[in-house]
Asker: 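Take this structure, written in structure tokens, and hold onto it; I'll ask about it next.
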Protein chains: 2
Amino acid sequence: MPAHVFIAEDETSIISLLKYNLEKEGHKVSHSENGEDALKQIKLKHPDLILMDWMLPDLSGVDICKNLKKDKKFNDIPIIMLTAKGEEEDKVKAFETGADDYVTKPFSQKELNARIKSLLRRAKPQSSSDIVEFIDLRIDRVTKRVYRKDKEINLGPTEFKLLDFFIKNPKRVYSREQLLNNVWGENIYVESRTVDVHIRRLRQAINIENTKPLIRTVRSAGYSLES
Amino acid sequence: MPAHVFIAEDETSIISLLKYNLEKEGHKVSHSENGEDALKQIKLKHPDLILMDWMLPDLSGVDICKNLKKDKKFNDIPIIMLTAKGEEEDKVKAFETGADDYVTKPFSQKELNARIKSLLRRAKPQSSSDIVEFIDLRIDRVTKRVYRKDKEINLGPTEFKLLDFFIKNPKRVYSREQLLNNVWGENIYVESRTVDVHIRRLRQAINIENTKPLIRTVRSAGYSLES
DNA sequence: CCCCTTTTTAATCATTTGTTAACTGAGGAA
DNA sequence: TTCCTCAGTTAACAAATGATTAAAAAGGGG
């Protein structure tokens with residue numbers, strides 16, 4: 001699983017070693033050499049995982065960790081703390097501040113890779129409820145099935161996500177940009193016309209023998225799910 | 001969640017410490033001070049979880065672990081390895097031999113309890129019953145046999161665990177990552193494509209003369225067991 | 001050393017996706 | 001009303017993505 005890994009570390013030799021190895025694994029790597037900047041960049045780039053030195057100039061790893069963990073937007077980025085060998089009590093402190101794993105220098109690249117993999121694939125808790133309904137539409141997030149009038153409907157992944165998003169706030173009108181941000185993702189760029197196409201596909205799919213259309217077009221504003 | 005914990009450890013001071021703490025948590029505790037005896041007792045008592053010292057007189061923890069993990073009847077008992085501090089490479093070896101978790105001495109009781117809880121939670125739900133059925137599929141957890149339409153099916157260990165996991169929550173779609181975490185274990189790192197291969201083998205195995213396929217592929221989401 | 005299982009790899013196959021461009025229709029202005 | 005313009009709709013297609021499959025490589029145990 002290629003991911004974006006951020007390294008906060010002041011020893012350049014370690015940075016380049018890590019960078020080399022991580023890129024070989026297919027990850028995208030950014031880094032920063034001081035705490036202040038690291039925090040700023042992390043918030044800007046929103047990486048998938050952070051390798052953080054315990055000791056950093058001007059803002060310690062612990063502080064960054066605390067800061068991130070209390071911010072809803074960033075508290076689910078896994079953090080691996082890097083510390084010098086032998087500081088056993090640091091381990092406890094690291095976990096207390098919210099680090100997800102802990103590696104002592106010097107570490108084997110193999111082990112680090114393993115831990116990274118493990119953290120990256122750790123299940124994200126899905127908070128939303130399992131089955132949602134709207135009018136004669138039912139969507140089951142556990143079995144990934146969608147029904148209209150108890151008849152099963154086949155949707156592609158994007159149409160599924162689109163409908164799933166609409167159904168969270170029925171009747172609310174979303175602009176194409178909002179849909180792109182919420183369904184496709186913040187940092188993915190596609191033409192806004194693409195939304196139209198998927199709206200059409202979704203409409204076709206959920207349009208079963210003389211039922212209501214369910215998706216409303218609001219001219220020059222966007223789309224909404226309603227009766 | 002009270003359970004039966006077995007301790008294989010030769011230092012009596014550690015045994016009594018562990019025993020005290022585990023019993024305070026409500027667990028039933030047995031122990032043995034040498035490898036030979038430990039293995040015998042484990043097979044006799046079939047505990048819910050094992051705490052095992054890496055170094056034991058006359059039969060090492062690794063050997064016991066290997067022995068148990070290749071025995072269908074015992075390979076699902078979670079094992080936590082206990083090792084002296086600083087032996088980093090042992091960690092890798094421990095996981096390779098099939099240990100489910102790894103703790104270095106000295107350890108905090110709090111951390112150990114957390115890990116025990118986590119492993120028990122993962123392993124427990126299967127204890128509900130020894131024979132489970134789904135459609136025309138029957139799996140016997142005691143004898144480790146699988147039948148389809150009363151005809152016995154031969155599955156490799158991984159396929160067995162995979163099917164066993166699926167059958168706990170039929171119809172539920174699991175991602176490859178979830179399957180890796182739950183069937184292979186949190187600490188084992190294989191490519192997620194490997195899952196596909198085992199799914200295929202499982203499919204082939206349970207596909208007896210014109211019966212339903214039973215395993216559904218959900219593109220970009222995962223797999224599920226259903227009719 | 002041979003056999004069996006697991007894992008990786010790579011080729012192939014199938015579906016989904018994003019884009020483009022032509023088409024349609026609503027609504028405002030004359 | 002009629003025409004014009006602009007936004008939305010539709011269909012077609014190429015590219016990308018994801019799943020399947022077979023076969024080779026890697027381990028592990030007897």
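The model shown is predicted, which means the values in this text are computed figures rather than measured ones. Order of the sequence lines fixes the chain letters, A, B, ..., with proteins taken first and strands second; residue numbering starts at 1 for each chain.
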Asker: Is any side-chain N or O of T158(A) closer than 4.0 Å to OP1 or OP2 of dT17(C)?
Answerer: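 Yes, T158(A) has a side-chain N/O under 4.0 Å of OP1/OP2 on dT17(C).
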Asker: Does a side-chain N or O from T217(A) land closer than 4.0 Å to OP1 or OP2 of dG8(D), or not?
Answerer: no
Asker: Write down the distance between CG (N154(A)) and P (dT15(C)), rounded to a whole number of angstrom.
Answerer: 11 Å
Asker: Figure out the NZ/P separation between K69(B) and dT5(C), and round it to whole Å.
Answerer: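 In whole Å, dT5(C) P lies 19 Å from K69(B) NZ.
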Asker: In whole angstrom, give the distance that lies between atom CG of L179(A) and atom C1' of dG8(D).
Answerer: 14 Å
Asker: Mind listing the N/O atom pairs, protein and nucleotides 24-29 of chain D, below 3.5 Å?
Answerer:
none

Asker: T194(A) near the nucleic acid: base, sugar-phosphate alone, or nothing, with a heavy-atom cut-off under 4.0 Å?
Answerer: base
Asker: Closest nucleotide of DNA chain D for D196(A) versus for S220(B): which of these residues is on the 5' side?
Answerer: D196(A)
Asker: With side chains defined as the heavy atoms from C-beta onward, is the minimum distance between F166(B) and L214(B) less than 4.5 Å?
Answerer: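 A side-chain contact is absent here, since even the closest heavy-atom pair is not under 4.5 Å.
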Asker: So that I can tick it off, tell me whether K212(B) and D136(B) are bridged by a salt bridge, with the cut-off set at under 4.0 angstrom between side-chain N and carboxylate O.
Answerer: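 A salt bridge is absent here (no side-chain N lies under 4.0 Å from a carboxylate O).
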Asker: Counting heavy atoms from C-beta on, name the nucleotide in dT19(C), dT21(D), dT16(C) closest to the side chain of R219(B).
Answerer: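 Of the candidates, dT16(C) comes closest.
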Asker: Output the single nucleotide from dG8(D), dT8(C), dG18(C) whose closest atom is nearest the side chain of W184(A).
Answerer: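 That would be dG18(C).
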Asker: Using atom CD1 of I199(B) as one end and atom P of dT21(D) as the other, report the distance to the nearest whole Å.
Answerer: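 Checked: the CD1 to P distance equals 12 Å.
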Asker: With a non-hydrogen cut-off below 4.0 angstrom, is Y223(B) in contact with a base, only sugar-phosphate, or nothing?
Answerer: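 Since only primed, P, OP1 and OP2 atoms lie under 4.0 Å of Y223(B), the category is sugar-phosphate.
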Asker: If the cut-off is 4.0 Å, is R193(B) near the phosphate of dA19(D), judged by side-chain N/O to OP1 or OP2?
Answerer: yes
Asker: As a test of reading the structure: which of dT21(D), dT7(C), dT17(C) is closest to the side chain of E159(A), going by heavy atoms?
Answerer: dT17(C)
Asker: Starting from C1' on dT15(C), measure out to NE2 on H198(A) and report it in whole angstrom.
Answerer: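 Whole-Å distance recorded here is 13 Å.
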Asker: May I ask you to decide whether D63(B) forms a salt bridge with K66(B), counting only side-chain N to carboxylate O separations under 4.0 Å?
Answerer: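 Looking at D63(B) and K66(B), the cut-off is not met.
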Asker: Quick test of your reading of the model: are D76(B) and K144(B) salt-bridged, counting only N-O distances below 4.0 Å?
Answerer: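 The answer is yes: the pair qualifies as a salt bridge.
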Asker: Under a 3.5 Å threshold, yes or no: a donor from one side chain and an acceptor from the other, between K43(B) and N67(B)?
Answerer: yes
Asker: Starting at the 5' end of DNA chain C, which residue's closest nucleotide do you reach first, L155(A) or V197(A)?
Answerer: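 Result of the comparison: L155(A).
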Asker: Under a 3.5 Å cutoff, is there a donor and acceptor pairing between the side chains of R148(B) and T211(B)?
Answerer: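 Yes, T211(B) and R148(B) have a side-chain donor paired with an acceptor closer than 3.5 Å.
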Asker: R176(B) has an atom CZ; how far is it from atom C1' of dA19(D), in whole Å?
Answerer: 7 Å
Asker: Side chain of V190(B): nearest nucleotide among dT7(C), dT19(C), dT9(D)?
Answerer: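 Shortest atom-to-atom distance from the side chain points to dT7(C).
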Asker: Just checking, is any N or O donor in the side chain of S224(B) or Y174(B) under 3.5 Å from an acceptor N or O on the other one?
Answerer: no
Asker: Using whole Å, what does the distance between atom P of nucleotide dT19(C) and atom CD1 of I188(A) come to?
Answerer: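 Value for this atom pair: 11 Å.
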Asker: Of all residues at least two apart in sequence or in a different chain, which pass the salt bridge (Lys or Arg N to Asp or Glu O under 4.0 Å) check with E159(A)?
Answerer: none
Asker: Measure CZ/F160(B) against P/dT6(C) and give the value in whole Å, please.
Answerer: 13 Å
